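As structure tokens, the structure follows; a few thoughts come after it.
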There are 2 protein chains.
Amino acid sequence: VTGFTEDELIEVVRTLLSEDVPGVTLGIGDDAALIDMGQRLLVLTVDMLIEGVHFELPWTSPHDLGYKSVAVNVSDVAAMGGSPRYALVSVAINPEVEMPWVVELYGGMREAAREYAMSVVGGDTNRSDRVIVSVAVAGEVAPGRAVSRAGARPGDRIVVTGSLGAAAAGLRLAEATPAAMGSALGSAWGHSFLTAMARPVARVGEGQTLAQLGATSMMDVSDGLAKDLSRLCVRSRVGAAIHLSRVPVAPDLDRLPPHLAVEPLDLALYGGEDYELLATLPEDAVEAASGALRDRFGTPLTDVGQIRAEQGMVAVSDDGTENPLAPGGWDHFAG
Amino acid sequence: VTGFTEDELIEVVRTLLSEDVPGVTLGIGDDAALIDMGQRLLVLTVDMLIEGVHFELPWTSPHDLGYKSVAVNVSDVAAMGGSPRYALVSVAINPEVEMPWVVELYGGMREAAREYAMSVVGGDTNRSDRVIVSVAVAGEVAPGRAVSRAGARPGDRIVVTGSLGAAAAGLRLAEATPAAMGSALGSAWGHSFLTAMARPVARVGEGQTLAQLGATSMMDVSDGLAKDLSRLCVRSRVGAAIHLSRVPVAPDLDRLPPHLAVEPLDLALYGGEDYELLATLPEDAVEAASGALRDRFGTPLTDVGQIRAEQGMVAVSDDGTENPLAPGGWDHFAG
């Protein structure tokens, strides 16, 4: 144990590196950085996937790994309301990796790049004793259309796209015995959990639509709804009330084998890697946003609660009882 | 052994990912990517430093590591003739790392960012069992001023900034016993080798000056002069003749302790991590370029040979004898 959490580390980094920088609209501490390029804002983000931390080779297809390494960065751009444009890929492979594996890895990156209308424009290669894929994505957004984590206001509704918890269920399956994973793959629910984990979908169109329709703050859900909402609240200096029964729990989470079972609501609140969008909207904008996401993308948008002036998060039960909601969630450091 | 070299891997990646992309002036296979942003070209590059591959914790100060992780990317921007502007830093640390170490790491990044007039605008943090620092840098260059690896023409002179081999000598010292490193640190030459390795200087002003004064091709020397020149020749579809006695060998390389000794010329030709600039210039531009680099930056520029139409590289001795020059050099994969 290091004695510090990821959020504590990020706060130290922010303090160390933050300065008033000409041309930088938004720096460290959001999903991506925003840089003034004249008519457009440049959106920059970077994310690393490390063997043994984010994935294990026995249960990872190189194609999926390449795809995901791009998609998780695209998700950060989407969370700003931006359009991804270019990717740089830095790859380390170990000596046991064969060329067909590498070809599959880059093939997965190419597939993701095409799907999101981007180009892979450069990168570098390294040798290592484990596989590491670090991707940087440059995108753009019109000035005035970018949405940060910092704009949530008391009274805003809290909305989330899609459903939560399936990727975390997939990770539990993958980390279990090969037999458990193998038999799960034969079922529709097992397949959907493993796909949610291995090939996340970045909500680019949804992010732009939410930005156009008045989102006051936005981020992607990568470390669990509770943890990520707490980060949004800290940056916006507000609190939040979440109605537990409204949280969009992914279907079939109760089908996990008994020895892997977790309460579905806990997977949705504290599991990670969903890459759905979490946003806040003025109350009178929710219905239009929900309709637009359904009509344009077939993506559900769920109202899960409300921003409050008092800091801290509370969980509201159906009978109106309120209890403190701990951020919990997946912390890379507290592990 | 993987059965393929880094250059073979890069060629596969180029083939897989290269497409005609609107707005991308230059993609995979150069020091950095160039992207059309209207009045300016955006320069994008990424590089990763991995514990156990590029450095070992016992002989690495976190401040130097942070500094170097930024500087090696700045060097790639410099090699295009560009100005670095923004850095994104992705860091993985292991559980044994303490907060003061992390603070030093980011302090080194901040120092490099200030020295090169850049801002660190974002990034992410991860847990891993080893330290990994992946940095992406965005810079800019005026259209028409960017220099790639592909423009060398027969008859052009081949020039290199500064001197070569000291960083490779520093690496030999660092990887030797702590006693060897400790006693070397007490000497001026040992200190200069270790500094060359740990805190490389990116030649930003020099790169812009060479671009202004007519450089036809340019790259930075990260894997040894012989290897990197061979890459430049392949991209430019030309060959090269190098006069061995003109290669600017760093001073005091013959002072390495006997058990670590390597022929100084071999360190200069085949050692890596110098981060000097290798460029080609029309013959009539060399004198002005050399004077400008000396006057403006105090940086020597050495004419080491000439580009030829016939592909392949030859080493020319003082008596005019020519022998094939193997690319050799540090290959991350053939290792």
Side-chain angles (χ1 to χ4, degrees), chain A residues 1-4 6 9-10 12-13 16-17 19 21 23-24 27-28 30 32-33 35 37-40 42 44-48 50 52-53 85-86 88-90 92-93 95-99 102-103 106-107 109-110 119-129 132 134 136 138 332-333 335, chain B residues 1-4 6 9-10 12-13 16-17 19 21 24 27-28 30 32-33 35 37-40 42 44-48 50 52-54 85-86 88-90 92-93 95-99 102-103 106-107 109-110 119-129 132 134 136 138 332-333 335:
Chain A
V1 177
T2 53
F4 53 92
E6 186 177 7
L9 175 60
I10 291 170
V12 168
V13 174
L16 272 173
L17 297 177
E19 301 172 85
V21 183
V24 178
I28 295 159
D30 220 293
I35 293 163
M37 298 292 285
Q39 297 112 317
R40 307 182 257 190
L42 180 68
L44 285 179
T45 186
V46 62
D47 248 318
M48 202 191 273
I50 306 166
V53 180
R85 288 284 180 264
Y86 307 104
L88 290 168
V89 295
S90 194
I93 57 175
E96 285 73 49
V97 166
E98 306 278 348
M99 188 61 95
V102 178
V103 169
Y106 282 92
M109 291 177 186
R110 183 175 56 178
S119 307
V120 180
V121 295
D124 77 329
T125 56
N126 298 276
R127 188 177 53 174
S128 173
D129 64 345
I132 307 164
S134 177
H332 301 302
F333 288 84
Chain B
V1 178
T2 52
F4 54 91
E6 185 176 7
L9 173 60
I10 292 170
V12 167
V13 175
L16 273 172
L17 298 179
E19 302 172 86
V21 183
V24 179
I28 294 159
D30 220 293
I35 292 161
M37 298 291 286
Q39 298 112 314
R40 308 181 255 190
L42 181 68
L44 284 180
T45 187
V46 62
D47 249 318
M48 202 190 271
I50 306 167
V53 180
H54 301 95
R85 288 284 181 263
Y86 307 103
L88 291 168
V89 296
S90 194
I93 58 176
E96 284 74 46
V97 166
E98 305 280 347
M99 188 61 95
V102 177
V103 170
Y106 283 91
M109 293 177 182
R110 183 175 57 176
S119 307
V120 181
V121 295
D124 77 327
T125 55
N126 298 276
R127 188 175 53 173
S128 172
D129 64 346
I132 307 165
S134 178
H332 302 301
F333 288 87

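Side chains are part of it too, since the values below use all heavy atoms of this structure and drop only hydrogens, waters and symmetry mates. Note that the structure is predicted; figures quoted are calculated from it, not measured. Naming convention: chains lettered A, B, ... in sequence-line order (proteins, then strands); numbering from 1 in each chain.
Interatomic distance, B:I50 CD1 to A:I50 CD1, rounded to the nearest 0.5 Å: 9.5 Å.
Only the backbone of B:T45 comes within contact range of chain A, with heavy atoms under 4.5 Å apart. With a 4.5 Å cut-off on non-hydrogen atoms, A:L44 touches chain B through its backbone and its side chain both. For A:I132, the parts lying near chain B are the backbone and the side chain together; criterion is any non-hydrogen pair under 4.5 Å. Neither the backbone nor the side chain of A:R85 comes within less than 4.5 Å of any heavy atom in chain B.
Pairing each heavy atom of A:S90 with each of B:M48, the nearest pair is O-CE, 3.3 Å.
Taking the side chain as every heavy atom from C-beta outward, B:H54 and A:N126 approach each other to under 4.5 Å.
For A:V102, the side chain to side chain contact (heavy atoms under 4.5 Å, CB included) partners two or more places apart in sequence, or in a different chain, are A:I93, A:V97, A:M99, A:Y106, B:F4, B:L9.
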